[in-house]
Amino acid sequence: AFVARRAVAGAPVEERNTPRGTVLVSTPEVTALDLAGYPARVGGLDVVATVVSELVEKLDAAKLAEAAALAPTPWAQRLGYVLELVGGEVPAAALADLVRRRAREYVPLATGARHGKQRSTRWRLELNASIEVEA
């Protein structure tokens, strides 16, 4: 099942100057959530974790929590797990409260894969995949 961002028009953006003028791009927080929301489209969970590890120092915890409120809850569940994996405990903590309030069921870490036997209770995830971060 394809889950689309319902509030894409309201997603936070920032201006960037280019040789051809100013463009709007998603904030690091929105980018991280989108990666967690569409892992198959960006090359899988390993790629998501690698890119998030590069973004982690740019993430503002409060802005991440605000952006996550506009995204499907499973995106926050997966991103929180990945953030903890790559040393992003502070931004992960910003997602933990939202997940605690909104996540009603366990969702698979990797969509389209077999169900996992292990679970993350904090993120309400079935750990049905392993993740390797490329250096």
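- Listed for the E29 side chain is a donor-acceptor partner under 3.5 Å among the backbone atoms of D60.
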- Item | Verdict with supporting geometry, V42 and D34, side-chain contact (heavy atoms from CB on, under 4.5 Å) | CA-CA 10 Å; V42 298; D34 285 345; over 6 Å; no
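- A salt bridge between R122 and E84 is present, with a side-chain N of the basic residue lying under 4.0 Å from a carboxylate O of the acidic one.
- Here the closest heavy-atom approach between residue Y106 and residue L125 is recorded as CD2-N, 3.4 Å.
- Distance CG/L85 to OG/S130: 10.0 Å, rounded to 0.5 Å.
- In this structure, L98 and A65 approach most closely via the heavy-atom pair CD1-O, 4.5 Å.
- For the atom pair OG1 of T31 and CG of L55, the computed distance is 6.5 Å after rounding to the nearest 0.5 Å.
- For the side chain to side chain contact (heavy atoms under 4.5 Å, CB included) with S53, the lone residue among V86, L83, V48 that qualifies is V86.
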- Task: Give the intermediate values and the outcome of side-chain contact (heavy atoms from CB on, under 4.5 Å) for residues L127 and R119.
- Result: CA-CA 5 Å; L127 302 179; R119 289 182 163 190; 5.7 Å; no
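- For the pair V30 and T27, the minimum side-chain heavy-atom distance is below 4.5 Å.
- Expressed to the nearest 0.5 Å, how far CZ of R124 lies from CZ of R102 amounts to 14.0 Å.
- A donor-acceptor contact shorter than 3.5 Å links the side chain of T50 to the backbone of E134.
- In this structure, A129 and L45 approach most closely via the heavy-atom pair CB-CD1, 4.2 Å.
- With rounding to the nearest 0.5 angstrom, the CD atom of E132 is 5.5 Å from the CG atom of D46.
- Contact of the V56 side chain with the P91 side chain is registered, since non-hydrogen atoms from C-beta on lie closer than 4.5 Å.
- Rounded to the nearest 0.5 angstrom, L33 CG and L64 CG are separated by 5.5 Å.
- Remark: the backbone N or O of N17 is not paired with any side-chain donor or acceptor of R20 at under 3.5 angstrom.
- With sequence neighbours left out, the side-chain contact (heavy atoms from CB on, under 4.5 Å) criterion links V82 to A49, V52, I131.
- A side-chain donor-acceptor contact under 3.5 Å links R78 to the backbone of P108.
- Between L95 and G80, the shortest heavy-atom contact is CD1-N, 3.7 Å.
- The distance from the OH atom of Y81 to the CG atom of L109 is 6.0 Å, given to the nearest 0.5 Å.
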